[in-house]
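Have a look at the structure below, then the notes.
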Amino acid sequence: MHTKTLAELSAALQAREFSSEALTGHYLERIGRLDPALNSFVTVTADEAMAAAAAADRRIAAGEAGPLTGIPIAHKDIFCTSGVRTSCGSRMLDNFVSPYDATVVARLKAAGVVMLGKTNMDEFAMGSSNETSFYGPVRNPWDTARVPGGSSGGSAAAVAARLAPGATGTDTGGSIRQPAALTGITGLKPTYGRVSRFGMIAFASSLDQAGTLTASAEDAALLLGAMAGFDDKDSTSVDREVPDYSLHLNDSIAGLRVGIPVEFFDEGLAGENRVRIEQALDVYRHLGCEIVEVSLPNLALSVPTYYVVAPAECSSNLSRFDGVRFGYRSEQSGDLFDMYSRSRGEGFGDEVKRRIMTGTYALSAGYYDAYYLKAQQARQLISADFKAAFEKVDVLMGPTTPTPAFEIGAKTADPITMYLNDIYTIGVNLAGLPGMSIPCGLVDGLPVGLQLMGPAFAESRLLQTAHAYQKETDWHRQLPAADFG
Ligand code: GLN
């Protein structure tokens, strides 16, 4: 069953080829047997999943099913789930049980999906390798000595190993696209405001966006359709109709103008990765697309800009974790100040502390103009570059990451080297645009991702463009070795 895509599983459930209970049981068995090698789940909700599957089967039998009824998925542990722990990969929230569901969770539940559990992630979504989790690193199913990418690494590894046919993730600077690329799956980061952030634990509020990790673009279309849309509980969610993303998937992309930003093909891009990207562009040429070179001249500013803006916002967002209102409180607290500082000192890991300190510094009175204001100005320049490019082309394409997955521990000693992994993904977040990563080949047995970027609210176009490629190729169907050897 697990070799089928989510869309194929949906069709099989409707055709009563098997029940949701059988399907859910199958994935739970795989999680139990295979996840110890990956560490992709923090919490497995087996009993709740089997009960939800039985309820879904009753809906299917009564003829009341939608396309997602009875489909098992996993949620990144950043989304609040009523009655089920939401840890955000942190000791700080190791004991936090939310009294409500995030809008994303509630909408998918209403569409009939079955939650298998909550996936591991970088602590508070800060990371590019899934090595900063309180629950230990996640391993890449293609080579368990390597990282799966981050911060939605648990969701990516789980889908890549087919421990779930799909999962939710969040992308602040690349955290859906980058792990999707490194584990050989399809990741979609929608336009800022397309999906509600209500109940999604905030990292950098002007950049965070929820999206999907799936085997295919067709699967992403199904999940996004159920997640997207206005929510009056999120003041940045956009009141705009949600198209039927599945409807135009098969439209021809002949004549599509594809822009290739020269800055994506710099000396940082590994040679073999470049070859895979060029081969993917050949497929698009063959499909009748016009490939043109474009420039995003300020792209080099995106990493330094992001690493001021995101820490600044996180230093504010994470101030609520004070040992009083949520989560962890130090055992040895003295006075109030001592309790705050011990609880935060013990509850947060090193990377989170580094971000809070950088952000607090950038926002402090003497440095605000030099760092934060400057970063906001650079952000405008980057947005303007994308805007100008989309006057000439319909989509942009390039690599998602400079290299395939690296070994666990290879970059943990040097934060700057780690931050440079995000060079190709961060621009899209700063500009609030949609982006995708789709698998386009292997280098030494490790997956490579092709990145697709579009103007605001062009998710349909991106999905259609990705689907056209996936009809021509079968990279999205390739699976890691069954035992992850
Ligand atoms: N790697 C980036 C960071 O560490 C992006 C993380 C994300 O998108 N959540 O901030």
Side-chain angles (χ1 to χ4, degrees), residues 76-79 88-90 104 119-133 137-138 147-156 167-182 187-192 195 197 200-213 302-318 348-359 362 375 379 400-403 405-406 411-412 414-437 449 451 453:
K76 184 177 183 179
D77 208 15
I78 197 169
F79 292 100
C88 221
S90 183
V104 161
T119 56
N120 203 349
M121 54 180 282
D122 276 305
E123 184 177 9
F124 284 101
M126 297 172 197
S128 310
S129 62
N130 224 126
E131 292 170 285
T132 71
S133 170
V138 177
V147 304
S151 65
S152 313
S155 287
T168 54
T170 61
D171 192 313
T172 303
S175 279
I176 289 176
R177 290 160 288 155
Q178 191 250 26
L182 301 190
L188 167 65
K189 177 245 176 243
T191 309
Y192 184 77
V195 176
R197 291 184 296 110
M200 188 175 111
I201 294 173
F203 161 15
S205 308
S206 76
L207 300 159
D208 298 342
Q209 184 59 198
T212 60
L213 295 119
S302 64
V303 170
T305 301
Y306 173 90
Y307 280 98
V308 172
V309 173
E313 293 185 15
C314 103
S315 72
S316 163
N317 274 325
L318 270 57
F348 290 136
D350 289 349
E351 185 59 29
V352 172
K353 287 181 194 161
R354 182 178 297 124
R355 305 280 179 114
I356 293 174
M357 284 164 69
T358 316
R379 185 175 184 177
T400 309
T401 62
T403 63
F406 46 89
K411 300 190 182 182
T412 37
D414 179 3
I416 304 289
T417 313
M418 187 68 93
Y419 297 167
L420 284 170
N421 289 312
D422 306 339
I423 179 97
Y424 303 135
T425 51
I426 274 176
V428 155
N429 300 76
L430 290 168
L433 303 175
M436 282 187 83
S437 181
Q451 191 176 191
M453 295 154 275

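Residue numbers count from 1 along this sequence. Atoms within each ligand, like the ligands themselves, are counted from 1 in listed order. All heavy atoms count here, side chains included; hydrogens, waters and symmetry mates do not.
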>> With the threshold set at under 4.0 angstrom, would you say Tyr419 reaches ligand 1 through any of its heavy atoms?
In response: no

> Does Asp422 approach ligand 1 within less than 4.0 angstrom via side chain, backbone, both or neither, non-hydrogen atoms only?
Replying inline: side chain

> Hey, does Met126 come in under 3.5 Å of ligand 1, counting only N/O atoms on both sides?
Replying inline: no

>> Evaluate Asp171 for polar contact with ligand 1, using N/O atom pairs at a separation under 3.5 Å.
In response: no

>> For Leu182 versus Ala405, what's the shortest heavy-atom pair and its separation?
In response: CD2-N, 3.7 Å

> Is a side-chain donor-acceptor pair under 3.5 Å present for Asp77 with Thr119?
Replying inline: no

> Taking only heavy atoms of Phe203, which atoms of ligand 1 are found under 4.0 Å from at least one of them?
Replying inline: 9 (N), 10 (O)

> According to the interplanar angle, ranging from 0 to 90°, do the rings of Tyr419 and Tyr307 count as parallel (below 30°), tilted (30 to 60°) or perpendicular (above 60°)?
Replying inline: parallel

> Would Glu351 count as a contact of ligand 1 if the rule is a heavy atom under 4.0 Å away?
Replying inline: no

> Any N/O of Tyr306 closer than 3.5 Å to an N/O of ligand 1?
Replying inline: yes

> What is the minimum heavy-atom distance between Ser152 and Gly169, and which atoms define it?
Replying inline: OG-CA, 3.7 Å

> Can you tell me the protein heavy atom closest to atom 7 (C) of ligand 1 and the distance?
Replying inline: Ser175 OG, 2.4 Å

> Counting each atom of ligand 1 from 1 as listed, which ones have a heavy atom of Gly127 under 4.0 Å away?
Replying inline: 1 (N), 2 (C), 3 (C), 4 (O), 6 (C)

> For the residue pair Gln178 and Ser128, what are the closest heavy atoms and their distance?
Replying inline: NE2-O, 2.7 Å

>> Can you tell me which portion of Phe124 lies within the under-4.0 Å heavy-atom range of ligand 1? Options are side chain, backbone, both, or neither.
In response: neither

> Which atoms from ligand 1 have a heavy atom of Gly173 less than 4.0 Å away?
Replying inline: 5 (C), 7 (C), 8 (O)

> Given that the side chain starts at C-beta and the backbone is N, CA, C, O, which of these parts of Arg355 lies under 4.0 Å from ligand 1, counting heavy atoms, or is it both or neither?
Replying inline: side chain

> Using a heavy-atom cut-off of under 4.0 Å, does the side chain or the backbone of Ser151 touch ligand 1, or both, or neither?
Replying inline: side chain

>> Please enumerate all residues that pass side chain to side chain contact (heavy atoms under 4.5 Å, CB included) together with Tyr192, with sequence neighbours excluded.
In response: Arg197, Gln209, Thr236

> Does a side chain donor of either Asp208 or Thr172 reach within less than 3.5 Å of an acceptor in the other side chain?
Replying inline: yes

> At what distance is the nearest protein heavy atom to atom 3 (C) of ligand 1, and which residue and atom is it?
Replying inline: Tyr307 OH, 3.2 Å

